[in-house]
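Worksheet: one structure, shown below.
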Protein chains: 2
Amino acid sequence: MPRPSQTLLSRAIIARAALDLLDEQGLEALKMRTIADRLGVKGASLYHHVRSKDDLLDAVAELINDEIDLGPLSDPGGPAGIAAYAHGYRGVYLRYPHMIPLVARHRVSSVKALRGYDALLAALVRAGSTPAAAAEAAAAIDNLVLGSALETFTAGFTRQPADYRPDFPALAAALTAADEAPGALAGLDTRGFDLGLRLILAGLTPSA
Amino acid sequence: MPRPSQTLLSRAIIARAALDLLDEQGLEALKMRTIADRLGVKGASLYHHVRSKDDLLDAVAELINDEIDLGPLSDPGGPAGIAAYAHGYRGVYLRYPHMIPLVARHRVSSVKALRGYDALLAALVRAGSTPAAAAEAAAAIDNLVLGSALETFTAGFTRQPADYRPDFPALAAALTAADEAPGALAGLDTRGFDLGLRLILAGLTPSA
DNA sequence: ATCCAAAATCTAACCGTGTTAGGTAAACGG
DNA sequence: CCGTTTACCTAACACGGTTAGATTTTGGAT
């Protein structure tokens with residue numbers, strides 16, 4: 001079956017299929033032949049549209065980054081808008097936990113990313129920062145968001161809070177106090193993120 | 001050359017060699033056979049001391065995490081101690097840029113990590129937080145540190161600041177204002193991290 | 001002392017997965 | 001209508017993680 005009457009593949013189609021597979025089965029399942037299978041095609045054919053697997057992974061990462069909503073930075077704007085943007089940013093990564101190793105591979109310098117930084121910096125300046133201060137604040141916010149997306153503080157705590165008591169008393173006390181719904185550790189990650197974000201934003205405009 | 005008179009390998013020895021290689025040549029160069037070469041041994045022999053390459057990478061990650069100095073959390077203690085700890089933590093990862101994809105693979109729940117969290121939480125409580133507030137603050141600090149270590153905000157900005165002007169004016173202004181040494185973007189990452197850290201720590205104890 | 005099981009290394013090879021080479025037929029521009 | 005390009009295929013390579021099985025030394029038990 002050479003050159004089909006109607007073209008079956010494209011970079012975008014392949015990237016989408018890869019993202020679906022990644023989402024369903026994780027990074028280990030993401031093999032070129034498997035992606036091809038899903039598209040009713042043989043593995044080697046993908047290379048007419050994608051330079052390498054690495055290149056494909058870049059396309060997938062871009063697909064995800066495109067889901068980040070820059071709207072809140074300009075729409076309502078202000079500190080509340082910045083906070084909304086940051087939460088949305090984080091939320092996108094939380095929806096694609098399998099992406100984490102991908103994102104960490106190398107920094108993306110796509111146009112989308114630049115537009116995001118530009119919007120964030122503009123929002124910070126509009127909120128009262130000098131450009132120099134805004135640069136530092138943007139770096140801090142970016143760090144916080146990415147760290148929060150990549151690591152989920154509580155993931156390392158698999159035992160019941162009380163079980164940490166003998167060896168790690170402060171940890172046991174903090175975890176016990178933190179999760180009102182016992183055994184859930186529910187919103188600690190989110191609350192921690194939100195705390196950090198609010199403190200940074202509040203610290204920018206030294207009160208009113 | 002079967003079973004040498006004096007044993008050549010051990011998990012620790014292999015992990016150290018792997019870390020050295022990683023440090024010098026990066027993650028792509030980290031092949032089992034290459035590590036073995038360095039130790040004067042054949043690749044297959046490593047599997048008597050290490051379950052898999054993944055297992056070996058865990059050992060390497062642990063080696064690096066062991067370099068994090070928990071001292072400042074108890075020694076001087078207080079907010080200054082916490083800040084010193086956070087800077088040291090970040091510094092370790094900055095020293096091993098090749099480790100980033102490794103760390104992002106999966107959360108470590110080693111004893112060392114637990115001790116770190118315990119010490120951090122204890123320091124926060126000693127600095128005046130309630131246990132519940134300390135839990136959230138620790139999450140925020142952890143996010144900030146990891147994010148800062150993994151991403152280097154400025155890495156995506158490869159052009160000269162002024163070159164961003166037409167399309168990304170706020171970005172151009174911020175970068176221009178931020179780097180006093182033109183073209184260096186020198187300490188922006190560090191200053192942003194430090195800003196975030198200071199704001200979080202200052203916000204914990206609502207002034208005096 | 002002697003012997004036997006276990007341990008540490010080797011050689012050889014397997015296997016999966018990314019990738020390339022080269023074929024074939026449909027599409028498209030002239 | 002013809003030639004070139006395109007988009008797929010089949011076949012196969014290459015490389016890297018991993019396993020099997022042989023070999024020899026160690027070390028403990030008899």
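Naming: A, B, ... by sequence-line order, numbering from 1 per chain. Values below: all heavy atoms of this structure, side chains included; hydrogens, waters and symmetry mates excluded.
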Answer yes or no: does a side-chain N or O of [X] lie under 4.0 Å from OP1 or OP2 of [N]?
X       : N      : result
A/Ser45 : D/dC9  : yes
A/Ser5  : C/dA27 : yes
A/Lys53 : C/dG18 : yes

Straight-line distance of A/Thr152 OG1 to B/Asp142 CG, nearest 0.5 Å: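 Going from the OG1 atom of A/Thr152 to the CG atom of B/Asp142 covers 9.5 Å.
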Reported CG-to-OH distance for the pair A/Asp69 and A/Tyr85, which is rounded to 0.5 angstrom: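 Going from the CG atom of A/Asp69 to the OH atom of A/Tyr85 covers 10.0 Å.
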Interatomic distance, [X] [atom1] vs [N] [atom2] [rounded to whole Å]:
X       : N      : atom1 : atom2 : answer
B/Asp55 : D/dT18 : CG    : C1'   : 14 Å
A/Arg51 : C/dT20 : CZ    : C1'   : 16 Å
A/Tyr47 : D/dA14 : OH    : C1'   : 13 Å
A/Lys42 : C/dG18 : NZ    : P     : 16 Å
A/Leu57 : C/dG18 : CG    : C1'   : 12 Å

4.5 Å side-chain heavy-atom contact, [X] and [Y]:
X        : Y        : answer
B/Glu136 : A/Phe193 : no
B/Leu22  : B/Leu102 : yes
B/Leu175 : B/Leu188 : yes
B/Thr190 : B/Arg90  : yes
A/Arg115 : B/Asp167 : no

DNA chain C-proximal residues of residues 10-19 of chain A, any heavy atom under 4.0 Å: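 Contacts with DNA chain C under 4.0 Å: none.
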A/Leu63: partners by side chain to side chain contact (heavy atoms under 4.5 Å, CB included), with sequence neighbours left out: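 For A/Leu63, the residues satisfying side chain to side chain contact (heavy atoms under 4.5 Å, CB included) (neighbours in sequence not counted) are A/Ala15, A/Arg16, A/Leu19.
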Those residues that, when tested against B/Ile14, pass side chain to side chain contact (heavy atoms under 4.5 Å, CB included) (two or more places apart):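 Result, side chain to side chain contact (heavy atoms under 4.5 Å, CB included) vs B/Ile14: B/Leu9, B/Ile35, B/Leu39, B/Leu46, B/His49, B/Val50, B/Leu56.
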Contacting residues from residues 26-35 of chain A, given that a heavy atom lies under 4.0 angstrom of DNA chain D: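 Close to the strand are A/Arg33.
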Axis-to-axis angle between the two ends of the helix from C/dA1-D/dT30 to C/dG30-D/dC1 (five base pairs per end, rounded to 10 degrees):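 For the helix from C/dA1-D/dT30 to C/dG30-D/dC1, the axes at either end differ by 10°.
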Sub-6.0 Å ring centroid separation between B/Phe153 and A/Tyr117: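 Yes: the rings meet the under 6.0 Å criterion.
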Residues A/Asp37 and A/Lys42 bridged, charged N to O under 4.0 Å: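 Salt bridge: no.
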B/Leu201 to B/Pro79 - nearest heavy-atom pair and separation: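 Taking B/Leu201 first and B/Pro79 second, the nearest heavy atoms are CD1-O, 3.7 Å.
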Any side-chain donor near an acceptor of the partner, B/Tyr89 and B/Asn65, under 3.5 Å: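 There is no such pair between these side chains.
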Intermediate values then yes/no, side-chain hydrogen bond (donor to acceptor under 3.5 Å, both in side chains), A/Thr154 and A/Asp189: CA-CA 6 Å; A/Thr154 60; A/Asp189 282 312; 2.7 Å; yes
Per B/Ala44 side chain, nearest of listed nucleotides D/dC9, C/dT11, C/dT19: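 Side chain of B/Ala44 sits closest to C/dT11.
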Collect all protein-nucleotide pairs involving nucleotides 5-8 of chain C in which both atoms are nitrogen or oxygen and the distance is under 3.5 Å.
unit_1 : atom_1 : unit_2 : atom_2 : d
C/dA7  : N3     : B/Arg3 : NE     : 3.0
C/dA8  : N3     : B/Arg3 : N      : 3.2

